Amino acid sequence: MLDITLFRDEKKYLEILKSEKNRFKDTKNAEETKKYDDLWKKAKNDCELKKAEKNKITKETAEKAKVKENIEDLKIKSKQLDAEIKDLEKKQVEYLELRDKFRSEVGNLLWHNTTIAQGEENSKILKTWGTAKVQKKDLENFKKLSNNKMKFEQLNYDPKSHVDLGLEKDLFDLERAAKISGSRFYFLKNKLAILHLSILRFAIDKLMKKGFNFMYTPFIVNKDAIEKAAELADFEETLYKVGEDQFLIATAEQTLAAFYMDEIIPKDALPIRFAGLSSCFRKEAGSRSKDTRGIFRVHQFDKVEQYVFCLPEDSEKIHAEMITNEEEIIQDLEIPYRLIDICSGDLNNTAAKKIDLEAWMPVQGTFRELGSGSITTDFQTRKLNIKYEDKNEKFVVHSLNCTTLASPRILTALIENFQDEKGIIHIPKVLQSYTGFKEI
RNA sequence: GCAGGGAUGGCAGAGUGGUCUAAUGCGCUCGCCUUGAGAGCGAGUAUCCGUAAGGAUGCAAGGGUUCAAAUCCCUUUUCCUGCGCCA
């Protein structure tokens, strides 16, 4: 949520409108925010005048009561004021709610170097890494998707989809998962399940070496926290509700973001780096027909997430650092990928800037998202009321989030990239000490 | 799950209907003093609206009683202690 004072400053208000236009959104939310803020201030002022009057009468009453004078007239006057105050208060609350409803739908101010464009195909390819294994039929598409700059080798055999190979090798059971849980659930079996655990542990070790604090977070959050840590759209499309006022987390970002809710962090404690591991639960309501087969898009998965609280001036630097961490780990796993600078029209409201890491998938013949890292400035932390103190003044902390890796999604990338002609899946070297085997 | 006791500013902690405009201490900020540091002294240090003057709010959250609530009542959340249950 944006700072309300930005809407009150004419110059900054114009920046908000511009940012919204650059996101290809209607500026209505910003305009209504300003309108209701003005109305709220007016109602608040009126209400406070009445309250001041009432407070005066209360004091007068106290003095008269002390010397046993008659206070009946004052009581009546006081009651009258109460009714007026109640009325104005109702109005005030109403305007404030409307103001913040609209305000919460205004997107974060775009970062200075976010690409202004609309549509996935207009997001900039920042970088490619690795040597992609490409089927002949996908060559043309591959070149386009990698800016013609990425190394590749043409496959001289037909790789099997992760679903076919996985079923063939008894690495997961999807039918029985569907029977007892529903579609998009899975049992991971045998060596693939070990690989799943190994990858997570590998990523955690790597981040801990870089000074991250490892956090194994709760999977359920209360309404208060999730409302501040998630976006409005998530409640419809992503979040599972459990019980009256509790939700399953869709990412550890949500628990980590809310960790310091309503707290003041000492300035010299920043930056605070968290590596969070949690299961993630997503309804995937907005993607009914996408990736229905296999374990690529599922309702439940495990993820290692980087989450950092920092000073405003450090956001850009730390964002780069987090993306590098993610890259290093994917490089260690030897998965070829590209980095995408997500364009303004495709950004979620919280992100001022977002960089996606997409792996090359030899069977699907395209790049698929493995994770993303966002600069969110003070957008999340303002709602969560997380501040730091500097010279007796309090300021909102900035925060950033970045995937490190998510499994089983990353398993599909490994299966597609590391199967040989005979259908043997080779385990990346760095993982072998974790798995205890070299191939599946 | 049961019983009992708590929740007050950055922290500790006083305050059991009007004099709470929330004491006091610590911490922090600024100033004075000092060669410097410290000590000492003085001022400041919850939130919102307002250029300001000022006003309003605030004692876990929400509701209620009252002319008047940190203080009394109800509901909820949460922490502690003991008992019970449980991997």
Side-chain angles (χ1 to χ4, degrees), chain A residues 1-13 33-100 103-104 216-229 241-247 255 258-270 272 279 309 311 378 381-397:
Chain A
M1 190 158 65
L2 288 178
D3 187 348
I4 190 64
T5 61
L6 298 178
F7 292 84
R8 292 173 187 163
D9 179 311
E10 198 50 37
K11 218 173 117 193
K12 302 219 168 104
Y13 177 62
T33 301
K34 196 176 167 65
K35 179 180 126 192
Y36 282 109
D37 185 47
D38 287 339
L39 284 169
W40 170 71
K41 283 200 293 191
K42 173 89 177 48
K44 177 178 158 70
N45 201 34
D46 291 349
C47 188
E48 284 182 3
L49 285 175
K50 290 283 176 200
K51 279 183 180 172
E53 202 178 321
K54 154 104 186 183
N55 287 342
K56 236 187 213 167
I57 288 174
T58 302
K59 253 187 199 157
E60 229 176 286
T61 313
E63 275 158 31
K64 286 200 174 179
K66 210 162 39 178
V67 293
K68 306 252 190 278
E69 273 185 56
N70 187 355
I71 55 172
E72 286 312 307
D73 285 357
L74 290 171
K75 275 193 189 178
I76 291 165
K77 219 167 165 187
S78 186
K79 289 263 190 201
Q80 277 170 359
L81 279 170
D82 276 347
E84 290 178 64
I85 288 168
K86 210 167 186 177
D87 225 46
L88 284 165
E89 243 168 13
K90 218 174 109 194
K91 236 178 176 175
Q92 213 190 122
V93 169
E94 196 181 300
Y95 288 145
L96 192 68
E97 270 172 10
L98 278 165
R99 180 192 87 178
D100 287 340
R103 179 158 67 127
S104 69
Y216 181 71
T217 91
F219 297 173
I220 290 178
V221 270
N222 64 33
K223 198 174 165 210
D224 186 37
I226 195 69
E227 275 177 350
K228 292 168 183 170
K241 195 174 177 191
V242 291
E244 269 303 294
D245 288 317
Q246 294 178 315
F247 295 82
T255 37
F259 187 75
Y260 288 116
M261 186 165 84
D262 296 321
E263 290 189 39
I264 294 164
I265 300 174
K267 189 186 175 194
D268 52 18
L270 298 169
I272 296 172
S279 291
F309 295 99
L311 296 173
D378 57 1
T381 41
R382 173 166 298 102
K383 260 201 279 186
L384 288 159
N385 190 28
I386 303 172
K387 296 185 173 162
Y388 69 94
E389 198 166 357
D390 188 17
K391 300 205 189 242
N392 271 7
E393 259 196 275
K394 296 183 186 81
F395 304 93
V396 178
V397 169

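Values in this document were obtained by computation on a predicted structure and should not be read as measured data. Atoms considered below: every heavy atom in the structure, side chains included; atoms not considered: hydrogens, waters and symmetry mates. So that the names make sense, note that chain A is the first sequence line, chain B the second, and so on, each numbered from 1.
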For the pair made of CZ in Arg382(A) and C1' in U47(B), what is the distance, rounded to whole Å?
15 Å

Atom NZ of Lys59(A) and atom P of C20(B) are separated, to the nearest Å, by 11 Å

Distance-minimising heavy-atom pair for Glu389(A) and Lys267(A)
O-CB, 3.4 Å

U19(B) and C59(B), which share atom name P, separated by this distance in whole Å:
16 Å

Keeping Thr381(A) on the side-chain end and Val396(A) on the backbone end, is there a donor-acceptor pair under 3.5 Å?
no

Could you work out the separation of G55(B) and C72(B) based on their C1' atoms and round it to a whole Å?
29 Å

Mind calculating the distance between CD1 (Ile4(A)) and P (C49(B)) to the nearest angstrom?
9 Å

How is Lys394(A) classified with respect to the nucleic acid when contacts are heavy atoms under 4.0 Å: base, sugar-phosphate, or nothing?
sugar-phosphate

Taking for Lys387(A) and for Lys41(A) the nucleotide of RNA chain B with the nearest heavy atom, the one nearer the 5' end belongs to Lys387(A)

G15(B) versus A7(B) - spacing of their P atoms, nearest Å
11 Å

Interatomic spacing from CG in Leu384(A) to CG in Asp224(A) - rounded to 0.5 Å:
9.0 Å

Residues Arg382(A) and Met1(A): closest non-hydrogen pair is NH1-O, 2.9 Å

Using a strict threshold of under 4.0 Å (side-chain N to carboxylate O), is an ion pair present between Asp82(A) and Lys86(A)?
no

Step by step, work out the salt bridge (charged side-chain N to carboxylate O under 4.0 Å, His left out) result for Lys50(A) and Asp46(A).
CA-CA 7 Å; Lys50(A) 290 283 176 200; Asp46(A) 291 349; over 6 Å; no

Please report the distance separating the P of G64(B) from the corresponding atom of A70(B), rounded so that it comes out in whole Å.
15 Å

Salt bridge (charged side-chain N to carboxylate O under 4.0 Å, His left out) between Glu48(A) and Lys44(A): does it pass, once the steps are laid out?
CA-CA 6 Å; Glu48(A) 284 182 3; Lys44(A) 177 178 158 70; 2.8 Å; yes

Return the value, rounded to whole Å, for the distance between atom CG of Asp390(A) and atom C1' of U45(B).
14 Å

What interatomic distance, in whole Å, is found between C1' of U8(B) and the corresponding atom of C20(B)?
12 Å

Detail all sub-3.5 Å separations between protein N/O atoms and N/O atoms belonging to nucleotides 69-72 of chain B.
none

Under 3.5 Å donor-acceptor pairs involving side-chain atoms of residues 89-97 of chain A, not counting sequence neighbours:
{"unit_1": "Glu89(A)", "atom_1": "OE2", "unit_2": "Lys51(A)", "atom_2": "NZ", "d": "2.9"}

Protein heavy-atom contacts under 4.0 Å, written 5' to 3' over nucleotides 54-62 of chain B as B (base), S (sugar-phosphate only) or - (none), form the string -BSS-----

Rounded to the nearest Å, what distance is computed from the OH atom of residue Tyr260(A) to the C1' atom of nucleotide G10(B)?
15 Å

Distances for protein N or O near nucleotides 63-67 of chain B N or O, under 3.5 Å:
{"unit_1": "C67(B)", "atom_1": "OP2", "unit_2": "Lys79(A)", "atom_2": "NZ", "d": "3.0"}
{"unit_1": "C67(B)", "atom_1": "O3'", "unit_2": "Lys54(A)", "atom_2": "NZ", "d": "3.4"}
{"unit_1": "C67(B)", "atom_1": "O2'", "unit_2": "Ser78(A)", "atom_2": "OG", "d": "2.8"}

Determine the Euclidean distance between corresponding P atoms of U16(B) and U51(B); express it in Å to zero decimal places.
40 Å

Would a 4.5 Å heavy-atom cut-off, applied to side chains only, mark Phe259(A) and Ile272(A) as touching?
no

Hey, can you tell me if Tyr13(A) and Phe7(A) have their rings parallel, tilted or perpendicular (30° and 60° cut-offs)?
tilted

Taking atom P of U77(B) as reference, at what distance in whole Å does atom CE of Met261(A) sit?
15 Å

Across all chains, not counting sequence neighbours, the salt bridge (charged side-chain N to carboxylate O under 4.0 Å, His left out) partners of Lys77(A) are none

Separation of C48(B) P from Asn385(A) CG (nearest whole Å)
10 Å

So, Asn222(A) versus Asp245(A): side-chain donor-acceptor pair below 3.5 Å or not?
no

For Leu39(A) and C49(B), what is the distance between atoms CG and P respectively, to the nearest whole Å?
16 Å

Can you tell me how far P in A14(B) sits from the matching atom in G4(B), rounded to whole Å?
23 Å

Counting neighbours of OH on Tyr216(A) that are heavy atoms of other residues, nucleotides or ligands and sit closer than 6.0 Å, is the number greater than 12?
no

Nearest heavy-atom pair of Leu2(A) and Arg103(A): which atoms, and what distance?
O-NH1, 2.6 Å

Nearest-angstrom distance, P atom, G63(B) to U71(B)
14 Å

Residue pair Met261(A) / Lys228(A): nearest heavy atoms and the distance that separates them:
SD-CD, 4.0 Å

Dot-bracket notation for RNA chain B, counting Watson-Crick and G-U pairs under 3.5 Å, with | for partners on another strand:
((((((((.[[[..)..(.....]]]((((((.......))))))((((....))))..[[[[[..)....]]]]])))))))....

